[in-house]
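Here's the structure, in structure tokens; my notes come after.
Any value given below was found using the heavy atoms of this structure, including those in side chains, with hydrogens, waters and symmetry copies removed. Please read all numbers here as calculations on a predicted model, not as lab measurements.
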Amino acid sequence: MGLFKKTAEEKAAIAAMKKADAALHANQRREEAAGIREETPEYLRLNAAANEAAAKVPFWHGGTRRGR
């Protein structure tokens, strides 16, 4: 097994992270279009979800988790 091979769990975590990031960025575009400049409760919820998802993905694959 190579250093950068992904397990099934890592692949699922990466997909969840990408989905959470997409939701966060879609919300950002909607709020910017509406002229909202402050952090809304929806933004805070989506940002926390994106951070939690990134914590489950190894650093080498775009997340924030270090080590195994």
Side-chain angles (χ1 to χ4, degrees):
M1 190 156 128
L3 179 62
F4 295 107
K5 298 269 185 182
K6 297 178 194 99
T7 65
E9 294 83 19
E10 288 173 333
K11 288 179 184 179
I14 290 168
M17 180 184 70
K18 288 181 179 183
K19 183 177 179 182
D21 283 343
L24 178 62
H25 293 297
N27 181 66
Q28 177 186 0
R29 287 188 295 275
R30 281 191 304 274
E31 289 183 354
E32 283 180 351
I36 300 171
R37 297 274 182 206
E38 64 277 351
E39 294 178 348
T40 63
E42 180 67 5
Y43 163 80
L44 294 173
R45 183 186 69 76
L46 290 171
N47 190 50
N51 288 337
E52 288 174 17
K56 296 176 184 174
V57 177
F59 175 76
W60 296 110
H61 299 300
T64 58
R65 188 181 84 202
R66 302 277 181 169
R68 284 241 174 229

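- Between D21 and the choices K19, M17, K18, the side chain to side chain contact (heavy atoms under 4.5 Å, CB included) rule is met once, by M17.
- In this structure, CD on Q28 lies 11.0 Å from OG1 on T40, to the nearest 0.5 angstrom.
- In this structure the side chain of N27 never reaches within 4.5 angstrom of the side chain of H25, judged on heavy atoms.
- L24 and A50 get closest at one heavy-atom pair: CD2-CB, 4.2 Å.
- Ion pairing between R45 and E42 holds under the 4.0 Å rule for side-chain N and carboxylate O.
- Rounded to the nearest 0.5 angstrom, R37 CZ and E31 CD are separated by 11.0 Å.
- The nearest pair of heavy atoms linking A55 to T64 is CA-OG1, 3.3 Å.
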